[in-house]
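Below is one structure, written out as structure tokens, with a few remarks after it.
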Amino acid sequence: MAAPVRSTADQPTSSVQNLTIGKALNLGLRAAMEADDKVLVLGEDVGKLGGVFRITDGLQKDFGEQRVLDTPLAESGIIGTAVGLAVRGFRPVCEIQFEGFIFPGFDQISSQLAKLHYRTQGGIKVPVVIRVPYGGGIGAVEHHSESPESLFAHIAGLKVVSCANPVDAYWMIQQAIRCDDPVLFFEPKRLYHSGALKAPVDTAAEPDPLFASRTVRQGSTATLVAYGPSVKVCLDAATAAAEDDLSLEVIDLRTLSPLDLEPVFESVRRTGRLITVSEAPSESSITSEIAARVQQECFYSLESPVLRVTGFDTPYPPSKLEEHYLPDLDRVLHAVDRALAW
Amino acid sequence: MAAPVRSTADQPTSSVQNLTIGKALNLGLRAAMEADDKVLVLGEDVGKLGGVFRITDGLQKDFGEQRVLDTPLAESGIIGTAVGLAVRGFRPVCEIQFEGFIFPGFDQISSQLAKLHYRTQGGIKVPVVIRVPYGGGIGAVEHHSESPESLFAHIAGLKVVSCANPVDAYWMIQQAIRCDDPVLFFEPKRLYHSGALKAPVDTAAEPDPLFASRTVRQGSTATLVAYGPSVKVCLDAATAAAEDDLSLEVIDLRTLSPLDLEPVFESVRRTGRLITVSEAPSESSITSEIAARVQQECFYSLESPVLRVTGFDTPYPPSKLEEHYLPDLDRVLHAVDRALAW
Amino acid sequence: MSSPEQWTRPEPGAGPAATAAEPTPEQVIAGLRATTEGGAELTQLLNPEGERLASAHFDPYVSDIDAEALRGLYRDMVLVRRADREGNAMQRQGQLGIWVPLLGQEAAQIGSGRALRPTDMAFPSYREHGVAYTRGVDFKELLGIFRGTDHSGWDFQAHGFHPYTIVIGNQVLNATGYAMGQKFEGKVGDDDGEATIVYFGDGATSQGDVHEGFVWSAVYDAPVVFFCQNNQWAISEPTERQSRLPLYQRARGYGFPGIRVDGNDVLACLAVTRWALDECRHGNGPVLIEAFTYRMDAHTTTDDPTRYRLSDELEVWKHKDPIERVRVHLARTGGADQEFFDQVQADADAFAADLRDFCFNMPDPPPERIFANVYAEPSPVLEAQQREHLAYLAGFAEGGER
Amino acid sequence: MSSPEQWTRPEPGAGPAATAAEPTPEQVIAGLRATTEGGAELTQLLNPEGERLASAHFDPYVSDIDAEALRGLYRDMVLVRRADREGNAMQRQGQLGIWVPLLGQEAAQIGSGRALRPTDMAFPSYREHGVAYTRGVDFKELLGIFRGTDHSGWDFQAHGFHPYTIVIGNQVLNATGYAMGQKFEGKVGDDDGEATIVYFGDGATSQGDVHEGFVWSAVYDAPVVFFCQNNQWAISEPTERQSRLPLYQRARGYGFPGIRVDGNDVLACLAVTRWALDECRHGNGPVLIEAFTYRMDAHTTTDDPTRYRLSDELEVWKHKDPIERVRVHLARTGGADQEFFDQVQADADAFAADLRDFCFNMPDPPPERIFANVYAEPSPVLEAQQREHLAYLAGFAEGGER
Ligand SMILES: Cc1ncc(C[n+]2csc(CCOP(=O)(O)OP(=O)(O)O)c2C)c(N)n1
Ligand SMILES: Cc1ncc(C[n+]2csc(CCOP(=O)(O)OP(=O)(O)O)c2C)c(N)n1
Ligand SMILES: [Mg+2]
Ligand SMILES: [Mg+2]
């Protein structure tokens with residue numbers, strides 16, 4: 001087994017680097033592994049290949065095969081052994097290759113990972129992170145473009161987060177790994193290598209807390225709330241709307257469970273209108289939950305109902321149709337129009 | 001293999017029988033098996049034992065081991081082979097012993113069962129019914145009292161229903177089996193053998209459609225909407241409220257996906273107030289979905305926000321605490337009071 | 001028909017294809033089962049008549065078991081059985097919601113449990129009260145699960161005994177991961193090596209998770225002993241609903257040892273488990289042990305076995321009782337006298353009485369327990385839910401019933 | 001170290017416990033793999049040099065394969081390979097979103113596919129374009145999946161060819177259920193019996209679903225042939241990440257035959273699959289076949305195999321090319337002349353050109369397709385969603401861009 005030596009060649013000269021989301025995740029994982037030698041990375045093809053998205057690129061080379069494990073091909077095995085490793089005191093970070101392949105591991109997630117701490121009255125901690133590249137827009141075949149995060153938000157005992165930019169990617173993955181609870185970490189795969197989203201990441205900065213939403217654009221006419229890949233869609237929509245003199249506020253949820261809706265309530269009390277945006281099907285989803293809670297908390301502030309712009313309640317369609325399936329700028333603005341005309 | 005002969009000793013003399021939910025399901029299954037010899041029953045202990053709740057009692061004796069299969073102990077196997085049997089032209093009815101054990105089969109449900117028809121542009125039908133005894137209140141150990149139905153409502157391609165009385169139990173199971181779509185059939189296990197719920201079932205009657213909600217008590221002050229085991233709770237609450245001159249309308253959802261909310265909208269337009277009741281955790285759930293849609297459809301009719309009375313967002317607690325966890329008459333009426341005082 | 005050994009490398013005839021089915025596996029296995037003997041490959045050190053059988057292979061693993069030690073194992077089994085019967089009785093009296101009896105499986109559990117060292121870790125299923133006892137878990141701590149006051153009570157680390165797992169097969173993967181961790185920490189490779197043991201039933205062998213546990217442990221050389229208590233039944237389903245072959249042979253396909261031991265022979269269970277753990281400690285894991293035994297009672301107190309099995313079967317197995325054979329052996333060899341047996345019985349009764357006392361006085365947990373420990377780090381959403389519910393309850397306290 | 005055969009019945013030494021680990025399974029398997037020969041148990045009828053090897057067992061299963069038939073198999077393989085290369089090319093040109101190459105696996109697919117009868121059913125994974133071709137599925141119908149115009153195009157019943165399955169292992173259980181259905185319908189038991197074949201890879205063997213398929217099929221005597229194409233790699237992971245033992249030996253633990261065939265030998269694949277299907281037809285199923293072959297191209301067009309494997313390996317395997325050995329054999333034995341080979345090449349080029357033409361002109365599906373066939377019976381909720389979205393789109397048509 002190779003010793004966990006960090007190759008100094010990679011060492012940046014300043015603490016600020018201009019990174020894509022994918023590279024930020026890679027550096028975040030590296031930082032977490034350096035900070036704590038109980039952190040393990042495991043999954044299919046995460047070692048030599050560096051993962052099919054290269055998010056774990058170079059980690060096995062530097063940390064060895066006992067800290068970066070190319071596992072057998074079975075997701076229940078990945079998560080089930082990660083639970084056991086966590087019981088032993090490790091902090092496993094599992095990669096699920098694409099979100100559509102998390103389901104064979106669903107039982108271990110819901111029956112063991114989510115419940116072990118509760119069942120033992122806190123006696124056992126299971127600080128497992130499950131990294132899930134998710135969402136559409138990459139022209140892929142079936143099972144490679146879905147957004148199943150609502151299923152996990154419904155399961156008590158799990159925490160669920162999603163990052164939408166390189167700074168969050170870098171910090172949130174480290175915070176998730178440090179968190180003593182199991183965290184489902186949803187990564188917007190089509191943005192992994194987006195040059196447009198590249199941003200300076202200051203590795204010496206103080207990050208925002210993990211389980212907090214953030215207002216990423218201020219506005220007064222209506223509020224858009226989104227997470228992961230849809231944040232960019234909303235920001236683009238807000239930019240477009242500004243040309244029509246519409247001032248849209250955009251909130252990046254960041255944490256999907258527990259939801260941090262205070263900033264949303266506060267915003268809706270000002271704007272009176274809310275549109276939630278997500279690629280996931282709407283039925284019994286996180287966007288339903290937001291609507292349910294906002295209509296209760298902001299009952300007298302709402303000037304129109306909470307509207308939802310989401311994927312449809314169908315399986316993910318063949319990729320030639322995904323531009324219709326995925327919420328885009330036009331659909332978001334159409335919803336804004338509807339809200340304003342209510 | 002025994003020939004599928006029906007023992008005439010059981011034959012009722014009239015077409016009306018006074019049945020529990022459990023017995024009604026048993027007779028409904030029997031009727032479906034008699035009507036179509038492609039109907040198979042499979043699961044753990046469903047044969048000789050008749051299932052741990054005896055819902056399949058006597059079926060293997062009368063229909064033989066090739067139509068009532070005691071399967072190996074693995075839920076992915078049960079559902080995965082049922083999918084294959086359906087592709088071959090059978091109509092398998094799977095029993096999951098307790099809802100907490102459906103998760104090892106989650107992948108086959110979401111990846112194959114839910115999607116095969118879509119993927120083949122209608123070329124393959126998968127008329128599989130998955131029977132799931134669910135809900136709490138039976139003083140059981142872990143994994144035996146949960147309400148995971150929202151997870152399936154979120155998955156496109158599945159239909160999800162729940163019965164709440166013997167007449168529906170008898171008919172809905174037969175309709176689910178006849179339905180060409182996969183149906184998750186949630187059965188309120190603590191009411192299976194409830195003598196109090198016994199009701200006359202006319203096996204010669206014309207049943208209501210499967211995918212339709214039903215108003216089970218009329219009222220004008222507020223609307224309660226529930227399904228499965230919570231319907232009885234709401235009816236009891238309505239009876240109690242009547243003593244305080246509160247007139248509560250109660251709607252039994254029956255179909256959880258697709259939701260049939262027209263009767264709910266209509267009711268809310270009259271009463272102006274809605275309380276949704278379910279044993280499931282509330283986060284990203286069916287009750288969230290109802291709230292999200294009602295606030296949109298009945299925006300100007302609501303006099304108070306849609307309130308939810310549900311299980312808490314925790315794992316199911318040890319059974320000595322379940323009376324607190326499960327929505328009861330008092331919690332429902334408390335919510336009514338809150339809605340009225342809003 | 002050819003032996004299973006040959007099935008791996010078939011020898012199709014040179015002539016036309018087979019024209020009729022061979023005997024079904026059910027028939028073959030029915031033949032095997034008819035003996036209820038476990039077959040020729042059953043490892044046994046103490047037969048049902050209480051005779052000590054020599055084994056060049058396994059005797060060294062129990063060379064330290066003198067009369068005193070055997071008396072200890074006997075006592076363990078009697079106490080555990082007595083407590084188990086008390087569990088059944090308390091369920092009947094409404095003190096427990098359910099009880100999962102271990103009757104008949106005392107030797108498998110005490111033998112394997114006593115093979116463990118304090119540094120080893122055991123992952124039970126839900127019937128391993130005997131193993132719990134060997135791990136120093138107070139029997140009282142088991143009751144909360146069945147009374148419904150908690151999901152699991154003991155300190156898993158202090159006892160080297162993981163919480164019970166009810167979802168069939170799950171713990172096999174968790175144990176494998178734990179054992180991988182032992183290896184990654186460098187705790188494997190010599191006489192002082194650590195090992196993990198995981199318990200599951202015959203029915204569990206069908207679950208994907210058990211297979212994946214086999215795959216993972218083989219690939220990572222994890223120091224884990226798979227201890228399958230084949231008690232012949234998975235609720236109402238006999239073992240042939242799960243497999244054509246004896247279950248210990250499942251290991252063949254993965255490239256690690258599988259062995260069948262007489263699960264009603266406490267000495268053989270101890271020896272074979274010590275050997276298997278030893279292999280693991282030295283880095284030769286994993287190992288599969290099939291303890292061939294019998295569930296002498298119902299699956300749980302809610303089960304009615306008369307619906308699916310004949311009482312004849314039980315009668316045959318009574319002759320192979322795990323406790324009786326040790327008693328006979330001790331008596332015949334002068335390893336114990338009547339006074340000892342009486343004393344053990346008295347100890348067992350006292351043990352049960354204590355348990356009973358405790359159980360009848362167990363308090364209900366407070367409602368705030370519902371919300372406690374869902375997360376290790378607080379969730380504001382849940383805290384709000386808790387506040388709201390407790391305020392609601394407080395309203396009752398103030399206002400009385402509505 | 002002892003042979004795997006003996007691991008099932010361990011023989012622990014009579015002395016002290018083992019004091020050091022035996023060679024790791026990786027080392028053992030590395031030894032096996034070093035030869036890339038498939039080991040002594042590999043069934044082969046046509047070696048890489050194109051020599052016909054006699055087999056008393058399997059020759060009868062290919063006694064009808066005269067020169068003409070062999071030319072047919074050759075042609076199949078060449079066409080399929082040519083089409084596969086065209087798939088790669090079209091992906092590079094942006095006409096396909098992705099392509100999953102079968103290069104190197106033509107013999108395994110054509111040999112096994114040609115063993116099937118029309119009444120049999122095949123369940124592919126996602127790489128079985130060659131099997132699809134043998135089932136009469138028009139290659140064009142495969143393209144929609146990779147172009148993103150549909151998830152699956154062909155009529156599964158007409159072709160006896162199930163849709164592709166991407167979630168690793170799922171189809172193994174579906175196929176087992178289908179085969180159970182064949183048996184329940186009484187279609188098994190004589191020469192005219194039906195059978196099912198299911199394809200999966202070496203990596204897939206680790207999935208719980210594959211295990212459960214083995215368990216179910218063994219318990220129900222399902223007429224299913226498990227056809228594992230061991231192409232040595234699961235994306236970047238070599239077979240030893242999945243198993244200590246050769247994969248065909250997995251069958252041992254379940255009590256049905258497992259056999260390893262040279263997956264680059266179309267004749268052996270045909271013979272062994274016919275034999276296995278025959279066993280199934282007669283009620284002696286299931287059977288596991290491991291076709292020992294090699295993925296000569298990347299995992300998919302998005303994969304970069306230079307990151308994880310040496311080109312040396314590929315060079316060794318090139319000497320065992322599945323097509324070349326048939327060409328050499330036909331040429332040497334006078335079974336075909338140059339004109340034939342030229343004609344096949346021309347046919348293959350025409351086949352590819354036709355495919356290419358078709359692909360470049362494939363229309364995009366209309367947006368309403370998103371909502372179609374989610375359910376067999378209508379869902380009012382979804383219909384409303386569809387109406388709303390189509391109205392929204394119509395708004396654009398009327399109003400132009402916003
Ligand atoms: C995944 C799952 N499915 C079903 C059950 C319900 N169940 C509880 S015990 C049992 C039988 C287990 O048999 P076996 O593995 O032989 O263990 P035993 O109870 O005989 O000790 C079943 C089906 C469960 N607990 N988990
Ligand atoms: C359940 C699941 N997990 C992960 C994947 C991603 N994936 C696609 S192919 C593949 C490797 C499969 O290897 P193998 O079974 O050997 O088949 P091959 O591709 O070599 O034909 C993986 C990991 C998947 N499709 N399904
Ligand atoms: Mg058992
Ligand atoms: Mg492969």
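Side chains are part of it too, since the values below use all heavy atoms of this structure and drop only hydrogens, waters and symmetry mates. Chain naming here is simple, since letters A, B, ... match the order of the sequence lines and numbering starts at 1 in each.
Salt-bridge annotation for B/Arg308 and A/Glu289: present, with a side-chain N of the basic residue lying under 4.0 Å from a carboxylate O of the acidic one.
A/Ile290 does not touch chain B: none of its heavy atoms, backbone or side chain, sits under 4.5 Å away. Contacts between A/His154 and chain B at a heavy-atom distance below 4.5 Å involve backbone atoms as well as side-chain atoms. Neither the backbone nor the side chain of A/Glu149 comes within less than 4.5 Å of any heavy atom in chain B. For A/Glu142, the part lying near chain B is the side chain, with the backbone staying farther off; criterion is any non-hydrogen pair under 4.5 Å.
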Task: Chi angles and distances behind the side chain to side chain contact (heavy atoms under 4.5 Å, CB included) call for B/Gln296, A/Val306 - done: CA-CA 7 Å; B/Gln296 181 169 346; A/Val306 181; over 6 Å; no
Task: Residues B/Tyr118, A/Tyr316; criterion side chain to side chain contact (heavy atoms under 4.5 Å, CB included); working and verdict - done: CA-CA 10 Å; B/Tyr118 188 71; A/Tyr316 201 84; over 6 Å; no
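Ranking A/Leu259, A/Leu302, A/Leu256 against chain B, the residue ahead of the rest is A/Leu302, based on heavy-atom pairs under 4.5 Å. No other option in B/Pro148, B/Ser257, B/Gly100 has as many heavy-atom pairs under 4.5 Å with chain A as B/Ser257. With respect to chain A, the highest number of heavy-atom pairs below 4.5 Å among B/Ser150, B/Ala114, B/Ala291, B/Ser76 belongs to B/Ser150. Comparing A/Phe312, A/Tyr300, A/Phe101 by heavy-atom pairs within less than 4.5 Å of chain B, the highest count is held by A/Tyr300. Interface remark: of the candidates A/Pro317, A/Ala292, A/Pro315, A/Pro315 forms the most heavy-atom pairs closer than 4.5 Å to chain B. With chain B as partner, the option from A/Pro258, A/Ser282, A/Gly157, A/Ser304 having the largest number of non-hydrogen pairs under 4.5 angstrom is A/Ser304. Counting heavy-atom pairs closer than 4.5 Å to chain B, the top-ranked of the candidates A/Ser288, A/Pro281, A/Ala280, A/Ala153 is A/Ser288.
At a heavy-atom separation below 4.5 angstrom, chain A is approached by B/Phe103, B/Pro104, B/Phe106, B/Asp107, B/Ser110 within residues 102-110 of chain B.
Residue-environment remark: NZ (B/Lys125) stays at or below the threshold of 12 foreign heavy atoms within 6.0 Å.
The line from CZ of A/Phe152 to OG of B/Ser284 is 12.0 Å long, rounded to the nearest 0.5 Å.
A donor-acceptor pair under 3.5 Å is absent between the side-chain atoms of B/Glu283 and the main chain of A/Ile155, judged by distance alone.
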